[in-house]
Asker: 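Just dropping this structure here.
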Amino acid sequence: MRAAPALPALTADQMREVDRVMVEEFHIELLQMMENAGRNLADLAQHRYAPGDVVVLAGPGGNGGGGLVAARHLANRGVSVRVVLATDDPHLVPATLRQIDILRRMEVPILAEPPDHHSDVVIDAVLGYGL
């Protein structure tokens with residue numbers, strides 16, 4: 001099996017600066033960044049693993065929102081998706097709440113606890129660089 005190419009890494013401070021530049025200088029808002037990140041994550045999961053069943057673990061911040069966007073894109077492609085929220089709704093940032101609302105309207109299962117059966121892929125979107 002061929003090794004995956006090395007990916008560049010950023011520190012938390014560098015990532016904060018990227019976010020700042022995106023919003024302040026390029027006027028790209030959080031929802032747009034979340035949508036792009038989630039769509040690309042869904043593409044990666046689908047092309048690399050071709051899952052039939054995915055569990056998305058979502059935290060309260062932007063990283064969780066990106067995971068929820070990935071859940072939506074995978075569900076739209078016919079993948080069986082379940083979401084596990086790592087926190088209660090009142091603690092979620094507005095952009096992440098919006099993604100949850102969309103998934104509820106799509107009737108994607110949103111669980112309080114991880115399911116007790118095997119999934120092809122688990123997407124960990126609990127913690128972001130803010131930690």
Side-chain angles (χ1 to χ4, degrees):
M1 182 172 184
R2 197 172 94 195
L7 296 175
L10 299 175
T11 67
D13 286 339
Q14 289 170 323
M15 196 62 231
R16 282 185 198 86
E17 179 63 10
V18 168
D19 280 353
R20 185 197 67 73
V21 168
M22 295 299 285
V23 172
E24 293 178 13
E25 296 182 24
F26 292 102
H27 303 282
I28 297 174
E29 299 299 327
L30 177 61
L31 283 172
Q32 287 176 278
M33 291 188 287
M34 192 178 282
E35 184 67 29
N36 289 333
R39 183 187 58 250
N40 285 313
L41 179 57
D43 289 347
L44 176 66
Q46 193 164 40
H47 291 115
R48 180 164 285 186
Y49 302 107
D53 182 88
V54 173
V55 171
V56 176
L57 308 174
N63 196 47
L68 297 172
V69 170
R72 174 169 42 88
H73 281 279
L74 289 167
N76 282 337
R77 298 170 190 179
V79 176
S80 174
V81 177
R82 284 155 302 155
V83 171
V84 180
L85 293 179
T87 189
D88 294 332
D89 284 0
H91 298 32
L92 297 169
V93 298
T96 301
L97 278 171
R98 174 178 253 169
Q99 300 305 328
I100 290 170
D101 179 57
I102 294 167
L103 290 173
R104 284 188 174 134
R105 290 169 189 265
M106 291 175 62
E107 300 181 358
V108 171
I110 298 176
L111 313 171
E113 307 246 339
D116 60 357
H117 69 280
H118 172 80
S119 295
D120 298 325
V121 169
V122 175
I123 294 176
D124 180 354
V126 176
L127 301 176
Y129 66 82
L131 179 68

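Here the structure is a predicted model, which is why all the values come from computation and not from measurement.
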Asker: Search all heavy atoms of Met106 against all heavy atoms of Asn76 and return the closest pair with its distance.
Answerer: CE-OD1, 3.2 Å
Asker: One pair to check against side-chain contact (heavy atoms from CB on, under 4.5 Å): Val23 and Leu30. What are the steps and the verdict?
Answerer: CA-CA 8 Å; Val23 172; Leu30 177 61; 5.9 Å; no
Asker: For the residue pair Met33 and Ile28, what are the closest heavy atoms and their distance?
Answerer: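 Reported closest heavy-atom pair: CG-CG2, 3.8 Å.
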Asker: Test of understanding: with side chain to side chain contact (heavy atoms under 4.5 Å, CB included), list the residues that count as partners of Leu41, not counting sequence neighbours.
Answerer: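 For Leu41, the residues satisfying side chain to side chain contact (heavy atoms under 4.5 Å, CB included) (neighbours in sequence not counted) are Ala70, Ile123.
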Asker: Does Gln32 use its side chain to pair, donor to acceptor, with the backbone of Glu29 at less than 3.5 Å?
Answerer: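 It does hold such a pair.
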Asker: Taking only residues two or more places apart in sequence or in another chain, which ones pass side chain to side chain contact (heavy atoms under 4.5 Å, CB included) with Val126?
Answerer: Leu57, Ala86, Asp124
Asker: Apply side-chain contact (heavy atoms from CB on, under 4.5 Å) to the pair Glu17 and Val21, showing each step before the final yes or no.
Answerer: CA-CA 6 Å; Glu17 179 63 10; Val21 168; 3.6 Å; yes
Asker: When rounded to the nearest 0.5 angstrom, what distance separates NE2 in His27 from CD in Glu25?
Answerer: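 CD of Glu25 is found 8.5 Å from NE2 of His27.
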Asker: Tell me whether the count of non-hydrogen atoms from other residues, nucleotides or ligands lying under 6.0 Å of CD in Glu107 goes above 12.
Answerer: no
Asker: Measure across Ala125 and Gly67 and return the closest heavy-atom pair with its distance rounded to 0.1 Å.
Answerer: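 Smallest interatomic distance, heavy atoms only, reads CB-CA, 3.7 Å.
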Asker: Applying salt bridge (charged side-chain N to carboxylate O under 4.0 Å, His left out), name anything that partners Asp19, two or more places apart in sequence or on another chain.
Answerer: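 Counting only residues at least two positions away or on another chain, Asp19 forms no salt bridge (charged side-chain N to carboxylate O under 4.0 Å, His left out).
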Asker: Is a donor on one side and an acceptor on the other found under 3.5 Å between the side chain of Arg16 and the backbone of Ala12?
Answerer: yes
Asker: What I'd like to find out is whether the side chain of Thr96 reaches to under 4.5 Å of the side chain of Met34, using heavy atoms alone.
Answerer: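 The answer is yes; the side chains approach within 4.5 Å.
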Asker: For Asp53, which residues count as a salt bridge (charged side-chain N to carboxylate O under 4.0 Å, His left out) partner, sequence neighbours excluded?
Answerer: Arg82
Asker: Who pairs with Asp120 by salt bridge (charged side-chain N to carboxylate O under 4.0 Å, His left out), at least two apart in sequence or on another chain?
Answerer: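 Asp120: no salt bridge (charged side-chain N to carboxylate O under 4.0 Å, His left out) contacts found.
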Asker: Applying a strict under-4.5 Å side-chain criterion to I, L, V, M, F, W and Y, I'd like to know whether Val54 and Tyr49 cluster together.
Answerer: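 The answer is yes; both residues are in one hydrophobic cluster.
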Asker: Is Leu74 reachable from Val108 through a run of I, L, V, M, F, W or Y residues, each pair having side-chain heavy atoms under 4.5 Å apart?
Answerer: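 Yes, Val108 and Leu74 fall within the same hydrophobic cluster.
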Asker: Before giving the answer on side-chain contact (heavy atoms from CB on, under 4.5 Å), spell out for Gln99 and Leu31 the whole-Å C-alpha distance, their side-chain angles and the decisive distance to 0.1 Å.
Answerer: CA-CA 9 Å; Gln99 300 305 328; Leu31 283 172; 3.8 Å; yes
Asker: Are Val122 and Leu44 co-members of a hydrophobic cluster defined by side-chain heavy atoms under 4.5 Å apart?
Answerer: no
Asker: Is there a donor-acceptor pair under 3.5 Å between the side chain of Asn40 and the backbone N or O of Asn36?
Answerer: yes
Asker: Identify the two heavy atoms, one from Gly64 and one from Ala58, that lie closest to each other, and give their separation to 0.1 Å.
Answerer: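 What the structure gives for the nearest pair is O-CB, 3.9 Å.
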Asker: Tell me, please, which residues at least two apart from Arg77 pass side chain to side chain contact (heavy atoms under 4.5 Å, CB included).
Answerer: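 With neighbours one apart ignored, the set is Arg39, Ala42, Asp43, Gln46, His73.
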Asker: Could you give the distance from CG (Leu85) to CD1 (Ile100), rounded to the nearest 0.5 Å?
Answerer: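 Taking CG in Leu85 and CD1 in Ile100, the distance rounds to 4.5 Å.
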Asker: Minimum heavy-atom separation for Leu127 and Asn63, please, with both atom names.
Answerer: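 For Leu127 versus Asn63, the nearest heavy atoms are O-ND2, 2.6 Å.
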Asker: With hydrophobic residues grouped by side-chain heavy-atom distances under 4.5 Å, do Leu68 and Val81 end up in a single group?
Answerer: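 Yes, same cluster.
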Asker: Under a 4.5 Å side-chain heavy-atom rule over Ile, Leu, Val, Met, Phe, Trp and Tyr, are Val121 and Val56 clustered together?
Answerer: yes
Asker: Within a radius of less than 6.0 Å around CZ of Arg20, do more than 12 heavy atoms belonging to other residues, nucleotides or ligands occur?
Answerer: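 It does: Arg20 CZ has more than 12 such atoms within range.
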Asker: Testing Pro115, Pro109, Pro114 one by one against Val55 for a side chain to side chain contact (heavy atoms under 4.5 Å, CB included), which residue passes?
Answerer: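 The passing option is Pro115.
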Asker: What pair of heavy atoms forms the shortest contact from Ala71 to Val83, and how long is it?
Answerer: CB-CG2, 3.9 Å
